[in-house]
Every structure is written in structure tokens, then in C-alpha cells.
Amino acid sequence: MSGKPRLYYFNGRGRMEPIRWLLAAAGVEFEESYLEKNEDLIKLRNDGSLLFQQVPMVEMDGMKLVQTRAIANYIATKYNLYGKDLKERVLIDMYVEGMFDLNELLMKHGYLPAHERKQDFANMIDKTENRYFPVFEKVLKDHGKDFLVGNQLSRADVQLLEIILMAEEWKPDILAKFPLLQSFKARISNIPTIKKFLQPGSQRKSLPDKDDVDKVMKIFYP
Ligand code: GSN
């Protein structure tokens, strides 16, 4: 067995994508086992690999980790992406929890049936532009540093860049009113490990198309 973490999920973003981003930002190589069909999920369940019968699951350091936030907390702590003290950490947690909420809106949109999309799109863009992005723009302004918290890269920066790029897929000029988020995006995208992850051919996943959605539905709702 190699010492690399192994990620168990379908070949798409979903809840695993922030974990891929964190590992990539930390410069940690990882391997993936993709669920292709419902039987693959059943097999993992029957193996006893999934504490709550759910993925994401990440095998690392001799453990089978589940629950997205627990996995992300572990990786962020292990690779020093979680602030320098308790006060930095609680700020990071607050920002990241907001990002998880926004991520959920952005991620789910692609899975909705066509007739629900119009209203959902308006809500998703409204929340992005009027609730979440103004907060992060203000945090950058008030803090006045290159990063959201403290003076070094944290998981909050990594997860914000991920979300900015996702939001731009739905509305390319979504940063128009947010100059500090624009410069943040350029700066964080240029960090070598992240720059590498942004190159074509990396383990970053793309926006799901209809076939991807159908495949995921068959895995979880056969
Ligand atoms: O964050 C977490 O890891 C858990 N609180 C939720 C995990 C979860 O819902 N996993 C789904 C697939 S990923 N997409 O949403 C899952 O395994 N569903 C099957 C099931 O039986 O719940």
C-alpha cells in the first residue's frame, strides 16, 4: 500500500471537491477510487468502510475517515492550514461554514430538474452576490492582508477560491463589484500548488453534465 491518501467517491465534485482542493493546496498527492455504480457503494458498506453508510470516505494515516467537515478539519490541521491559534481558527471556521453553505447551493443547482432551475438560479446568484461575497470582500478590506485570516494561507483562502471559480461558471462577471475578491483570486491562483491544481489534467473535477448527473443518481438512488 502506498502512503498516499485514497479518496472514495464518484468521479465528480460533490462533497469531495473541497477535500481534493485542500490536499492539492497542501501539496499532498492522493489517489482515488471512483464509485461507478450502486454495487460499488454497497460493497464499501458491506466492507464496514463507511461509518454512516455514506461517502465521502478518505483512507489516510491508517484510518477510514468520513463526514466531509471532519475530513477537511483533519487535513487542514495536519497541513497547517487552520490558523495559528484559537482565535484565528474560529474565524476560519465561521468563514468556511458560510462557504460550505454557499457551496451547497452552487453544487446542488446542477442536479435539479429543469423546471426548478430558473427560480433556484436566481436565489443562488442572489445569495452569492448579496449575502456571501460582500462578506468576504469586507473581510479582506478590514483585515488588509493577502489572506482572509492571519498572515498565511489557510483553508479559508483555498475554499474561497474554489467557490469563486464555481460561481463564475454560472455567472462569469460575478466578481465585477468585488475588486478585492478579484485580486484575491489572482493572488491565490498563483500559489504554486494551487496553480498546478488549476492546470488541465489535474484531479480537479469539472461541472457535471446531464450524463454525470444521471450516473450519480443511479449510484445513490438505484
Ligand atoms: O458531509 C458528509 O459527509 C455527510 N454529512 C453527508 C454525506 C452524504 O450525504 N453523502 C451522500 C453522497 S455525496 N452527496 O451528497 C451519500 O453517501 N448518500 C447515500 C446515503 O445513504 O445517504
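We're numbering straight along the sequence, starting at 1. Because only heavy atoms are used, hydrogens play no part in the values below, and waters and symmetry mates are left out as well, while side chains stay in. In listed order, ligands and their atoms are each counted from 1.
No donor-acceptor pair closer than 3.5 Å links the side chain of S202 to the backbone N or O of L198. Judged by distance alone, the side chain of R117 and the main-chain N or O of G110 form a donor-acceptor pair under 3.5 Å. Using modelled atom types, one side-chain atom of E137 and one backbone atom of L180 make a donor-acceptor pair closer than 3.5 Å.
Residue contact annotation: M57 has no non-hydrogen atom under 4.0 Å from ligand 1. For P56, the heavy-atom gap to ligand 1 drops under 4.0 angstrom.
Atoms of ligand 1 lying under 4.0 Å from any heavy atom of R45, numbered from 1 in the order shown and given with element: 19 (C), 20 (C), 21 (O). Numbered from 1 in the order shown, with element, the atoms of ligand 1 that lie under 4.0 Å from a heavy atom of Y9 read 13 (S), 14 (N).
The single protein non-hydrogen atom nearest to atom 4 (C) of ligand 1 is Q67 OE1, 3.0 Å, given as residue, atom name and distance. With hydrogens left out, the protein atom closest to atom 18 (N) of ligand 1 is F220 CD2, 3.7 Å, a heavy atom. Nearest protein neighbour of atom 1 (O) of ligand 1, counting heavy atoms only, is T68 OG1, 2.8 Å.
Within the 4.0 Å heavy-atom criterion, neither part of E104 lies near ligand 1. Contacts of Q54 with ligand 1, taken as heavy-atom pairs under 4.0 Å, involve both backbone and side chain.
Any N or O atom pair closer than 3.5 Å counts here, and V55 shares at least one such pair with ligand 1. Taking any N or O of R15, backbone or side chain, at least one lies under 3.5 Å from an N or O belonging to ligand 1.
For the 3.5 Å distance criterion, the side chains of N73 and R155 qualify, holding a donor opposite an acceptor. Under the 3.5 Å distance criterion, with hydrogens and angles disregarded, no donor-acceptor pair is assigned to the side chains of N38 and Y221.
Note on E162 versus R13: no salt bridge recorded, every NZ/NE/NH1/NH2 to OD/OE distance being 4.0 Å or above. Looking at D214 and K210, a side-chain N of the basic residue comes within less than 4.0 Å of a carboxylate O on the acidic one, giving a salt bridge.
A ring-ring contact (aromatic ring centres under 6.0 Å, His included) check over residues 13-47, counting only residues at least two apart or in different chains, returns the pairs W21-F197.
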